[in-house]
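For ligands, and for the atoms within them, numbers begin at 1 and follow the listed sequence.
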Amino acid sequence: MNAGRLIAFEGLDGSGKSTQLERLAARLRDAGCDVVTTCEPTTLPSGQRIREMARSDQPLAPEEELRWFVEDRRVHVAEVIAPALRAGQIVLTDRYYLSTVAYQGARGLDYEQILADSQEEFPIPILVLLLEIDPQIAFERVHARGSEIEGVFERREFLSRVASVFDALDCTYLERVPGDGALNQIEAIIAERVSVRLGLDLG
Ligand code: TYD
């Protein structure tokens, strides 16, 4: 499928993806683009059960967890992403298959296999913006949000392993953005990268 207008944000929990996604959406809309914003895990039933699982203290086996995320993505692509792309909209998603590669890879699964399978099955984004922050900072930010429960995906050591998989990735559509600068600076870097990939001028 032509996924020329699909852009994903990736990074550790607390890396600022959601904020930057909203800022990019606003810039694109100001430039006259028709933009859809979405996220994974989704807000659909398949995503809600993942959130519940993540908050519980009984993690699934990695293979089962992988199945849940892939299933949620199948629904997401079928019901949200593919129709929007067909309609010519620009889709910005907060997390996509590189999250599965990094997080379920960090749980011990073969991340290269997950990447190959994902690229085979799902629309490949024109650009993935990976917001890079130190895992220690990610851990502190997540806990500063006041979440009382330390979810299975948010433990300090686990986040370091996730970061290592992200570090190892080398995809033509993946661009790394320093996530620890001022919000306006990060926003400007992202606008510049998107302008180049989409052939727009987001000033
Ligand atoms: P997150 O983006 O933090 O959702 P929210 O902040 O809206 O609750 O995602 C929840 C967790 O799910 C996050 O720690 C990363 C993890 N995750 C995976 O392990 N694999 C995946 O494929 C995806 C999409 C997310």
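- Contact analysis puts Arg73 in contact with ligand 1, with a non-hydrogen atom separation below 4.0 angstrom.
- Salt-bridge formation is detected for the pair Asp13/Arg95: a Lys NZ or Arg NE/NH1/NH2 atom is positioned less than 4.0 Å from an Asp or Glu carboxylate oxygen.
- Not a single N or O atom of Tyr96, backbone or side chain, sits closer than 3.5 Å to an N or O atom of ligand 1.
- At a heavy-atom distance under 4.0 Å, no atom of Glu65 approaches ligand 1.
- A salt bridge links Glu40 and Arg73; the closest N-O separation between the charged side-chain nitrogens and carboxylate oxygens is under 4.0 Å.
- Atom OG1 in Thr37 sits 10.5 Å away from atom CD in Gln89 (nearest 0.5 Å).
- Within the set Val70, Thr42, Asp13, the minimum heavy-atom distance to atom 3 (O) of ligand 1 is found for Asp13.
- Remark: ligand 1 atoms within the under-4.0 Å shell around heavy atoms of Gln104 are 18 (C), 19 (O), 20 (N), 21 (C), 22 (O).
- For the residue pair Glu52 / Gln48, no side-chain donor-acceptor distance below 3.5 Å is found, with atom types taken as modelled.
- Remark: side-chain polar atoms of Glu10 are paired, donor with acceptor, to backbone N or O of Tyr96 under 3.5 angstrom.
- In this comparison of Pro41, Gly14, Ala54, the heavy atom closest to atom 10 (C) of ligand 1 sits on Pro41.
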Exercise for the section: Might you work through the salt bridge (Lys or Arg N to Asp or Glu O under 4.0 Å) test for Arg27 and Glu187, ending with a clear yes or no? Expected result: CA-CA 10 Å; Arg27 279 198 187 222; Glu187 179 186 341; 2.9 Å; yes
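- Heavy atoms from both the backbone and the side chain of Thr100 come within less than 4.0 Å of ligand 1.
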